[in-house]
2 protein chains.
Amino acid sequence: MKQSSSAQSRSQPEIAEVSDAPLRQFMGYHIKRAFNVIQADLNDVLKTFELRMVSFSVLVLIVENPGIRQSQLSSALAIERPNLVVIIDALEKRELIVRDRLLTDRRAYLLQATMAGDQLCEKALRAINTHENKLFEGIDAAMRSTVVQAMRTIEAQS
Amino acid sequence: MKQSSSAQSRSQPEIAEVSDAPLRQFMGYHIKRAFNVIQADLNDVLKTFELRMVSFSVLVLIVENPGIRQSQLSSALAIERPNLVVIIDALEKRELIVRDRLLTDRRAYLLQATMAGDQLCEKALRAINTHENKLFEGIDAAMRSTVVQAMRTIEAQS
DNA sequence: TATTGTTATACTCTATAACTATA
DNA sequence: TATAGTTATAGAGTATAACAATA
């Protein structure tokens, strides 16, 4: 034991191995630790495409939902409208998406991906898929399915 | 179909329901969505104790590992040393922890919880436990165990 | 009056470089 | 020379208020 290795007037126990046991009782803690790893891996992959987690999600939703409005994106991804503006601006500047005025409501914009945006999105989706398969290779299909089911249950609690 | 509801010169399909289907193929996306809910709930509980996720984790590790150094805390929780300083300062100011000079290495501090810190920690742990049970009540023991196992597998990949 | 997108701004969280005191 | 803790600062990420244009 390291505890008795130094002979001071007062005992000053030094910690050899840090224990996080009290936090391990919480499923939320395990999920956070795991998500940190996933996020690091994801950001690594996305860096290749000059995208971040948020801008990638935005691009995907625009590709998947052609004609989506910024306000819809905002609520779907829980991003505040003002923060979405700079993300959209960047994607537009890179010519991955276009803003079209909605003719029936001139306040709104319809967002659509360009061909370049479509292609980048597809490439990114494939790359992430590859990385997830690698990251989750120790987790079999049944477990993955259970995890997804559990996550959906939690998500529905909000 | 909403798509044909407006008759403009160019078709401007409006999205009625936003689909995030391409993201749902990723376990990481499900985990993120679920974690958002968990984090919101956790922060809500911790607000009662004037703690945040990080300061709570720090307090728990100090209670669990009496005599831990800031550098050990830093690497255990992946917090940069400079950022840890302000967290420790705040906990010390609230007299939840104390900093003691390590007699054998006067560069370092040993961190220990006070009685008040101990008690606050215990109360917070119990409160979080209660909230987690509520949040995860739709998930049975077998599923929870599977989730934890999967999260540990992912965490080990880093 | 309410909504869409925007601007400006502030606040939190995290990251980096450089310092001090000790080893 | 290297390490523990600190300071200052910069950069993300996120949140809020107020505005113009439009409904």
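These figures come from a predicted structure and were not determined experimentally. Order of the sequence lines sets the chain letters (A, B, ...), proteins ahead of strands, with each chain counted from 1.
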Which residue in the set A:Val85, A:Ile62, A:Val58 passes side chain to side chain contact (heavy atoms under 4.5 Å, CB included) when paired with A:Gln70? A:Val85
Quick check: does any side chain N or O of A:Asp20 sit under 3.5 Å from a backbone N or O of A:Leu23, one acting as donor and the other as acceptor? no
In this structure, which one of B:Arg101, B:Arg99, B:Glu92 forms a side-chain hydrogen bond (donor to acceptor under 3.5 Å, both in side chains) with B:Tyr109? B:Arg101
A:Asn65 side-chain N/O to B:Ser19 backbone N/O, donor-acceptor pair under 3.5 Å: yes
Charged N to carboxylate O under 4.0 angstrom, B:Arg152 versus B:Glu155? no
Short of 4.0 Å, heavy atom to strand atom, which residues of residues 91-102 of chain A count as contacting DNA chain C? A:Arg99
Rounded to whole angstrom units, what separation is found between the CD atom of A:Gln70 and the C1' atom of C:dT7? 14 Å
Would you classify B:Arg106 as touching base, sugar-phosphate or nothing, given that sugar-phosphate means primed atoms plus P, OP1 and OP2, and contacts are heavy atoms under 4.0 Å? sugar-phosphate
Mark yes when over 12 heavy atoms from residues, nucleotides or ligands other than B:Arg81 sit less than 6.0 Å from its CZ; otherwise mark no. no
Protein N or O to nucleotides 8-12 of chain C N or O, pairs below 3.5 Å:
unit_1	atom_1	unit_2	atom_2	d
C:dT12	O3'	B:Arg52	NH1	3.1

d(CG, B:Leu110; P, C:dT22) in whole Å: 16 Å
To the nearest angstrom, how far is A:Leu84 atom CG from C:dT4 atom P? 13 Å
Where chain A begins and ends its contact with DNA chain D, read 5' to 3' at 4.0 Å from heavy atoms: D:dA12 to D:dA23
Using modelled atom types only, decide if a donor and an acceptor are shared between the side chain of A:Thr153 and the backbone of A:Gln149 within a distance under 3.5 Å. yes
Mind calculating the distance between CD (B:Glu80) and C1' (C:dC13) to the nearest angstrom? 12 Å
Do side-chain atoms of A:Gln72 reach the backbone of A:Arg69 as a donor and acceptor pair under 3.5 angstrom? yes
Roughly, in whole Å, what's the span from OH in B:Tyr109 to P in C:dA21? 11 Å
Under the 3.5 angstrom rule, does the side chain of B:Gln112 hit a backbone N or O of B:Ile97 as a donor-acceptor pair? no
Identify, with sequence neighbours excluded, every residue that meets salt bridge (Lys or Arg N to Asp or Glu O under 4.0 Å) alongside A:Glu17. none
Enter the inter-axis angle for the ends of the helix from C:dT1-D:dA23 to C:dA23-D:dT1 (five pairs per end, rounded to 10°). 10°
By nearest-nucleotide position on DNA chain D, the 5'-leaning member of B:Arg69 and A:Arg107 is B:Arg69
Please give me every residue in residues 34-51 of chain B whose heavy atoms get under 4.0 Å of an atom in DNA chain C, ordered by residue number. none
Donor-acceptor contact present, side-chain A:Gln25 to main-chain A:Pro22, <3.5 Å: yes
Between B:Ile79 (CD1) and C:dA15 (P), how many Å, whole number? 10 Å
For C:dT3, does either OP1 or OP2 sit under 4.0 Å from a side-chain N or O belonging to A:Ser71? no
Check for a donor-acceptor pair, side chain of A:Thr146 on one end and backbone N or O of A:Ala142 on the other, with a separation under 3.5 Å. yes
Between B:Arg81 and A:Val85, the residue closer to the 5' end of DNA chain C by nearest nucleotide is A:Val85
Heavy-atom closest pair, residues B:Ala150 and A:Val147: CB-CG2, 3.7 Å
A:Ile88 CD1 - C:dT6 P separation (whole Å): 8 Å
Please state whether the rings of B:Phe35 and A:Phe35 are parallel, tilted or perpendicular, taking 30° and 60° as the class boundaries. parallel
Any donor and acceptor pair, going by atom type alone, linking the side chain of A:Ser74 with main-chain N or O of A:Ile79 inside 3.5 Å? yes
Answer with yes or no whether the side chains of A:Arg24 and A:Tyr29 bring together a donor and an acceptor at under 3.5 Å. no
